[in-house]
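Each remark here refers to the structure printed beneath this line.
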Amino acid sequence: MTDRAARDPFAARRRYVTPLLALAAIGAAVVSLGMGAVTIPFGDVLAVLGDHAGLAVTEPEFTADAVVWNIRVPRVLMGAVVGAGLAVTGAVLQGMYRNPLADPQLLAIGPGAALGGVLGSLAGQTQGAIGGGIAAGVLAGLLMRRLGRTASLEPSRFILVGVALGAAVSAWVGFVVFSGDATRVPPIEFWLLGSLSGSTWRALGTAAVVIAIGVAWLLAAARPLDLMALGEAEARHLGVDVELLTAALMMAVGAVVGASVGAVGVIGFVGLLVPHVVRRLSGPAHRPLLTASAFGGALLVVAADLLARTVVSPIEIPVGLVTAAVGGPFFIWLIRRAGYA
Amino acid sequence: MTVAAAEQVRYEVDGAVLVDDVDFAVTAGELVAVIGPNGAGKTTLVRLLAGDQEPTAGRVTIDGRPAGGYPPEALARRRAVLSQQLLRDVPFTCRAVVAMGRFPHRLDPANSAAQDAAEVAAALARTDMAEFADRTFATLSGGEQTLVALARVLAQDAPLLLLDEPTTALDVHHEELVMRVVKELAAAGRAVVAVLHDLNTAAAYADRLVLMAGGRVRAAGTPREVLEEALLSEVYGQAVRVVDHPFRDCPLVLVVD
């Protein structure tokens, strides 16, 4: 099998792509901890982290501790967790539908989760928003699965249906926001463009558990997902229960997207950008693709959030603006390359 | 021993009867070729036998049980299917595509990664595709893709093989190669059903022929029994003559101008 490694074009690259992306994500996270409205020197960041890890060398300064540990660490970890979830779900949708344009936001799962999140926030603030996001995300995922079965599967059409549905659902998010109690419901730009600024340890805990379980679930389905590349008919011939697989995948995708949207709102294009870049390095097999995409997604959202809060500092812009600024042109490039233009 | 059978099978969709009153059986160790003009219902018969579709009336069985009654993985261990229409833009390497044929065996305790790799390598070698193992499937020609798909079917290691036009788009060398491989598999005890367009390929390799027309079986038997001038001329709407093959022990069908 040694000669196989030498000849498989992706075998060599696969070995370093995940560790490299993981390192880059950690690097971006550490840089992010020091930067923002208040700049905290690198040494102080390390002192805070060391203190909470129980290996304090020097007692950290009080404000540094408050800013880094209570605000920035949960925020950066939230970005990493949400980014990982969005990138993995994008890769799964692209594989499941054999559609390079598939993405949880473009297929209306994100906007659907936002509607559930805004309704949930009326009932129970952040935890309610996450719960509502998960429920609505799963529902939206299963609805899109049904539409995908009945509608012609012509890829660009399916995406158009998703975009149109997403726009309509986003309008409902707006209705609820503007008719709701502004002290309890996050503003419209939070839902439609995303923000990591309110991330608390508690919200992080809930979102991280759901996203970790969902991603593990999706990773477990990596091999049958590979077979979907041959088309549904062939996957069936090879023993894949296509109905069961797609339903199970959509439920996990819906839960992951729902938890992230409930926690931080809709951050677009992560699920589109990351898997396409990662696929060039890892190859098409879903196990390495999903693993590397998780780290790639974490890197992208952490970096985008860093930009969002430093580019016009001290004012923060929604993180979704940053990902859209990169993702929009990338989407057009993808469409042109796929020959749908 | 009958591996797969259709009894009094009828299949209709949107009021169109694609297959009607079909009795068909294939036993272990034989190669049955399904022949007939376009639209005769050959592909529909294969899909019914594969369990892809439920018959409107009648019964399709594999190993004595209804084909539609098996869980997907159990069915995939019993029958492998080579479809006529393959998706061309598969981004995986040929080796990875062939390895997908091992999917239904992944939970078998007697199976191992080493065995998977050996089966995949053997299947690629058998279809003359070993040198393409690390090429991306999407970059292959139509004929090469058919051969890799056949290798995937071989790697699936099922006792029943359903091949819908396995030789279409192949050059003479590969057509003969595929038919020899298929014949060997039958000789080794598998039940093979192949839809073939070339009557002379069917005559040379098949143990039995089933001639279909208009969704029904018009004739079934040995090549000499089925390849009969008047019947073929009528069914295909094309005058033919049938002579003895000059050096193979089978009939030879010649088109008459």
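Lettering follows sequence order; numbering is per chain, from 1.
The closest side-chain heavy-atom distance from A/Arg236 to B/Asp52 is not below 4.5 Å. Two residues are said to be in side-chain contact when any heavy atoms from C-beta on lie closer than 4.5 Å; B/Arg152 and A/Glu234 meet this criterion. The side-chain heavy atoms of A/Leu238 and B/Gln156, taken from C-beta on, include a pair separated by under 4.5 Å. In this structure, A/Leu230 and B/Leu87 have side chains that are not in contact, with every pair of non-hydrogen atoms separated by 4.5 Å or more.
Contacts with chain A were tallied for B/Pro104, B/Ala149, B/Gly51; B/Pro104 has the most, counting heavy-atom pairs under 4.5 Å. Between chain A and the options B/Asp89, B/Val97, B/Val81, B/Val153, the largest number of non-hydrogen pairs under 4.5 Å is found for B/Val81.
Between A/Ala229 and B/Phe92, the shortest heavy-atom contact is CB-CE1, 3.6 Å.
Listed by chain and residue number, nothing satisfies the side-chain hydrogen bond (donor to acceptor under 3.5 Å, both in side chains) test with B/His105 (two or more places apart in sequence, or in another chain).
Summarising the local packing, CZ of B/Arg47 is surrounded by 12 or fewer heavy atoms from other residues, nucleotides or ligands at distances under 6.0 Å. Around CZ of B/Arg135, the count of heavy atoms belonging to other residues, nucleotides or ligands within 6.0 Å exceeds 12. Remark: B/Gln84 CD is packed, more than 12 non-hydrogen atoms of other residues, nucleotides or ligands lying under 6.0 Å away.
There is no contact between B/Ala155 and chain A, counting heavy-atom distances below 4.5 Å. For chain A, the nearby parts of B/Arg102 are the backbone and the side chain; heavy atoms of each come within less than 4.5 Å. For A/Ala285, the parts lying under 4.5 angstrom from a heavy atom of chain B are both the backbone and the side chain.
The backbone N or O of A/His237 lies less than 3.5 Å from a partner atom in the side chain of B/Arg79, making a donor-acceptor pair.
Within residues 240-255 of chain A, the residues approaching chain B closer than 4.5 Å by heavy atoms are, in numerical order, A/Val240, A/Asp241.
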